[in-house]
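We name chains A, B, ... by the order of the sequence lines, and we start the count at 1 in each one. Because only heavy atoms are used, hydrogens play no part in the values below, and waters and symmetry mates are left out as well, while side chains stay in. Computed from a predicted structure; not experimentally measured.
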Amino acid sequence: MDIFADFAARVAAALKTLYPEASDELIARAVVEPPRDPGHGDLSSNAAMVVAKPLGKNPREIAVALAAHFKEAADVESVEVAGPGFLNFRLDEPVWHRVLKSIDVLGNDFGKIDLGRGEKVNVEYVSANPTGPMHVGHTRGAVFGDALASLLAYTGYDVTREYYINDAGGQVDVLAQSAFLRYRQALGEVVEIPKGLYPGDYLIPVGEHLAEQYAGTLRWKPEAEWLPIVKDRVLSMMMDLVRTDLANLGVAHDVFFSERQLHGQGGDIDTTLDWLREKGLVYQGRLDRPKGATDQDWEDREQTLFRATQYGDDIDRPLVKSDGSYTYFAADIAYHRNKYLRGFKHMINVLGADHSGYVSRLKAAVKAVSDGEADIDVKICQLVRLLKNGEPFKMSKRSGDLVLLSDLVGEVGVDATRFMLLYRRNDAAMDFDFALVKEQTRDNPVFYVQYAHARTCSVLRMAESELPALDFSREELSIAPLELLVSPADLELIKVLAQWPRTVAAAALAHEPHRIAFYLYELAGAFHSFWAKGKEDKTLRFVNPEDLKLTVARLALVGAVRQVLVNGLTVLGVSAPDELS
RNA sequence: GACCCCGUAGCUCAGCAGGAUAGAGCGCAGGAUUCCUAAUCCUGAGGCCAUGAGUUCGAAUCUCAUCGGGGUCACCA
């Protein structure tokens, strides 16, 4: 039950009745939201002001008419016209009790708005090159994509979480060459890793495996023969590494899509480019020399280009490299056509900041390969600066200057890592301070929220031991006398709970999981605040032996808080511990 | 040179499909603990929402310039 959506629909209906000439588009612009100032009531709508001008009427006049329409509503205590034409509703108390009741009835489903109606969405995230273990640079995108996917699944989309394995380019040849050296090393040779190859220790086990499996048989073969063998082996081992790292972060994908399967004669790239060619979107042409950039290697040549400008990109984009092989982008076009043909009309890609220049061509590609049927939202995750007590932080051992994801998770834990990364907008650069994240104080939002959850559990435990005569089972709480919850403190807390569905909807529509994290922080604060009130005023304590009925009702409220905290933390993939140790 | 993101309290950041007097945490100044976990709570000070114009009933939010910070810029992935 979302009272905001509920009233928005009722206001819209009222507008339609009063002003049949108003278009649906116009009416849709009216919103119902919680006013910033509690003095303005429980709900507030701008409907009259939005509609006034196009209808050629005075906004206050419309507001008065709307207000009259709601005067008789059973659940509206009062409705006022304020300021330039705001409509301020104050709701009857039983409304809030019904909200609370619905949380109890719906449980995990409270807040589960069906925005997606089962539509398929493909969320592609991480997609790191399989050339080594994951490092912190990948972490933000991994957590963001995972939480966004959960959020969309929670709001009724049929979500596929996908990882695109960039296993077709020159980098993987270099990787295989590096692994081959480790293989020789495992055979007893003393090797030196030349510049340009991957020096990481993580390839040593790969070499050992190769030595075990093939003994010396690969050693003197020509590269053309051993390369495919080593490549397959190292790629599969690197992907195991990646999967393990991701699993430790609580991230899982449904589909691992290999770029290699797109290549080859008659493969997806060929067929896609043929298809585009027929549409006149591929041509031979020349590009202007780019300005500003380092262009000493620039070679003015005729090349195969995709007409990206037709879909809003700045320039047309090359599809074939000078050595005749396909560009990364060519494969990506084919990949996105593949997604479209698999039934995805909505796609989301989570990319790092260094790919921001790639966005417009990707959008152009999706439009082109789907004949404008599909849409793609590209979410850019900005850089994360690692700090410790304000100082830049390094702690790498295995791979040069990079801090590994596994180091990060090992140091601060999955919950803190995930929550902190989700507690910022994705498109703003952020600092991640180890010292702060490990602290268990209010400075640290993870613990603040988890502590609130632990407290709800502690209250329930407490009640059971203090008042053994009472039954606090879920069944019993579901028939609790909620009408006893009439203090301002009770109602205030319920009103925060009532905003959960609205928050979910807004976060899902905007593809912004951080809104969930902020909401949880707010709810935790409201709960902690209520808790403290019990110190001064015993009638506000959750467990009150002098009023058993009220105690049962309060525990139902505590149960609802716990439920919503769980729902939110679940979306973010952060645990909700029963107690903090 | 072009494009993208960001500029909100001393610090870190919310708020942005336009809405009423701009929020939170930290830090700072005070206060609360024989009492459900003080891992918490309460009160206070602190602002030209980078700057300038525009759009309109109304702009932190939309548009355009300017300044400042970050990122990207044929064939890499």
A:Arg317 NZ/CZ over A:Phe329 ring centroid, <6.0 Å and within 45° of normal: no
Base paired to B:G68 (Watson-Crick or G-U; both N/O distances under 3.5 angstrom): B:C6
Whole-Å P distance, B:A2 and B:A74: 16 Å
Describe the nucleic acid contact of A:Ser44 in one word from base, sugar-phosphate, nothing, applying a heavy-atom distance below 4.0 Å. base
Checking B:U72, B:A77, B:C35 against the side chain of A:Lys321 (C-beta onward), the nearest is B:A77
Consider the side chain of A:Pro318, meaning its heavy atoms from C-beta on, and name the nucleotide among B:C75, B:C35, B:A77 that approaches it most closely. B:C75
Interatomic distance at C1', B:C26 relative to B:U63, whole Å: 36 Å
Classify A:Asn166 by what it touches in the nucleic acid, base, sugar-phosphate, or nothing, heavy-atom distance under 4.0 Å. sugar-phosphate
Given the C1' atoms of B:G15 and B:A60, what is the spacing between them in whole Å? 8 Å
Is the distance from OP1 or OP2 of B:G71 to the nearest side-chain N or O of A:Arg385 less than 4.0 Å? no
Nearest to the side chain of A:Ala353, heavy atoms from C-beta on, is which of B:G71, B:C35, B:U40? B:G71
Spacing between A:Asp431 atom CG and B:C26 atom C1', to the nearest angstrom: 14 Å
Re B:U43: Watson-Crick or G-U wobble partner, both distances kept under 3.5 Å, found to be B:A29
Please work out if A:Asn46 contacts a base, only the sugar-phosphate, or nothing of the nucleic acid, heavy-atom cut-off 4.0 Å. base
Rounded C1' spacing from B:A29 to B:G10 in Å: 15 Å
Atom-to-atom span, CG of A:Asp288 to C1' of B:C73 - whole angstrom: 14 Å
Taking only the side-chain heavy atoms of A:Tyr328 (C-beta and beyond), determine which of B:A74, B:C4, B:A77 contains the nearest atom. B:A77
Contact class for A:Met49 vs. all strands (heavy atom < 4.0 Å): base, sugar-phosphate, or nothing? base
Look at A:Arg361 and B:A74 and indicate whether a side-chain polar atom (N or O) is within less than 4.0 Å of OP1 or OP2. no
N/O (side chain, A:Ser529) to phosphate O (OP1/OP2, B:C41) under 4.0 Å: no
With a 3.5 angstrom cut-off on both distances, give the Watson-Crick or G-U wobble partner of B:C73, or none if there isn't one. B:G1
For B:A74, does the base pair up with any side-chain atom of A:Thr327 as donor and acceptor (N or O, under 3.5 Å, distance only)? no
Over how many whole Å does the gap from A:Met430 atom CE to B:G25 atom P extend? 19 Å
Near-ring test A:Tyr163/A:Phe257, centroid separation under 6.0 angstrom: no
Say you pick atom P in B:U21 and the same atom in B:A59; how far apart are they, in whole Å? 11 Å
B:U56 pairs with which nucleotide, Watson-Crick or G-U wobble, both distances below 3.5 Å? none
Distance between the P atoms of B:C41 and B:G27, in whole angstroms? 13 Å
For the residue pair A:Phe542 and A:Trp531, does the interplanar ring angle fall in the parallel (under 30°), tilted (30 to 60°) or perpendicular (over 60°) class? tilted
Can a side chain N or O of A:Tyr448 be found less than 4.0 Å away from OP1 or OP2 on B:C41? yes
For B:U40, does either OP1 or OP2 sit under 4.0 Å from a side-chain N or O belonging to A:Lys535? no
With sugar-phosphate meaning primed atoms plus P, OP1 and OP2, does A:Gly85 contact a base, only sugar-phosphate, or nothing at under 4.0 Å between heavy atoms? nothing
Take the protein atom CD of A:Glu512 and the nucleotide atom C1' of B:A17, then report the distance between them rounded to whole Å. 12 Å
B:A39, OP1 or OP2 - any side-chain N/O from A:His528 closer than 4.0 Å? no
Ranking A:Leu383 and A:Lys538 by the position along RNA chain B of their nearest nucleotide, the one closer to 5' is A:Lys538
Base, sugar-phosphate, or nothing for A:Gly83, non-hydrogen atoms under 4.0 angstrom? nothing
Given B:A20, is OP1 or OP2 found less than 4.0 Å from the side-chain N or O atoms of A:Arg36? yes
A:Asp431/A:Arg385 salt bridge by N-O under 4.0 Å criterion: yes
Check the geometry between A:His514 and B:A14 and answer yes if their rings are stacked (centres below 5.5 Å, planes below 30°), otherwise no. no
Can you tell me which nucleotide in B:U37, B:C5, B:U72 comes closest to the side chain of A:Gln382? B:C5
Scan A:Arg515 against the nucleic acid and name what it touches under 4.0 Å (heavy atoms): base, sugar-phosphate only, or nothing. sugar-phosphate
Between B:G25 and B:U72, how many Å separate the two C1' atoms, rounded to a whole number? 33 Å
When you get a sec, tell me which of B:A74, B:C5, B:A14 is the closest nucleotide to the side chain of A:Phe518? B:A14
Do A:Tyr521 and A:Phe419 have ring centroids that are under 6.0 Å from one another? no
Would you confirm whether the ring centroid of A:His528 sits within less than 6.0 angstrom of the ring centroid of A:Tyr448? yes
Touch class at under 4.0 angstrom, heavy-atom based, for A:Tyr358 against every strand present: base
With a 4.0 Å cut-off on N to O distance, would you call A:Glu124 and A:Lys339 a salt bridge? yes
If you compare every side-chain N and O of A:Lys53 against the phosphate oxygens of B:C57 (OP1, OP2), does one of them come in below 4.0 Å? yes
With the side chain defined as heavy atoms from C-beta on, A:Arg541 is closest, among B:A38, B:C16, B:C35, to B:C35
Candidates B:C13, B:A39, B:A74 - which lies nearest the side chain of A:Glu299: B:A74
Let's test your reading of the model: under 3.5 Å, does the base of B:A20 pair with the side chain of A:Asn88 as donor and acceptor? yes
Check: A:His453 ring centre within less than 6.0 Å of A:Phe527 ring centre: no
With both distances under 3.5 Å as the test, what is the Watson-Crick or G-U wobble partner of B:U21? none
Would you classify A:Arg424 as touching base, sugar-phosphate or nothing, given that sugar-phosphate means primed atoms plus P, OP1 and OP2, and contacts are heavy atoms under 4.0 Å? sugar-phosphate
Between B:U61 and B:G52, how far is it from one P atom to the other, in whole Å? 13 Å
Quick check on RNA chain B: between A:Phe542 and A:Glu259, whose nearest nucleotide comes earlier from the 5' end? A:Phe542
Using a strict threshold of under 4.0 Å (side-chain N to carboxylate O), is an ion pair present between A:Arg554 and A:Asp490? yes
Going by purine N1 to pyrimidine N3 plus the second Watson-Crick contact, or the G-U wobble pair, all under 3.5 Å, which nucleotide sits opposite B:C48? none
I need the minimum non-hydrogen distance between A:Met49 and A:Pro84, along with the two atoms involved. SD-CG, 3.5 Å
Are any of A:Arg455's side-chain N or O atoms less than 4.0 Å away from OP1 or OP2 of B:A39? no
Listed nucleotide nearest any side-chain atom of A:Asp427, set B:G15, B:C36, B:C5: B:C5
Nearest-nucleotide pick for A:Gln171, side chain only, options being B:A20, B:A77, B:G71: B:A77
Scan A:Ala82 against the nucleic acid and name what it touches under 4.0 Å (heavy atoms): base, sugar-phosphate only, or nothing. base
Have a look at A:Glu579 and say if it touches a base, only the backbone sugar-phosphate, or nothing, with a 4.0 Å heavy-atom cut-off. base
Check every strand shown and say whether A:Leu580 touches a base, only sugar-phosphate, or nothing at a heavy-atom separation below 4.0 Å. base
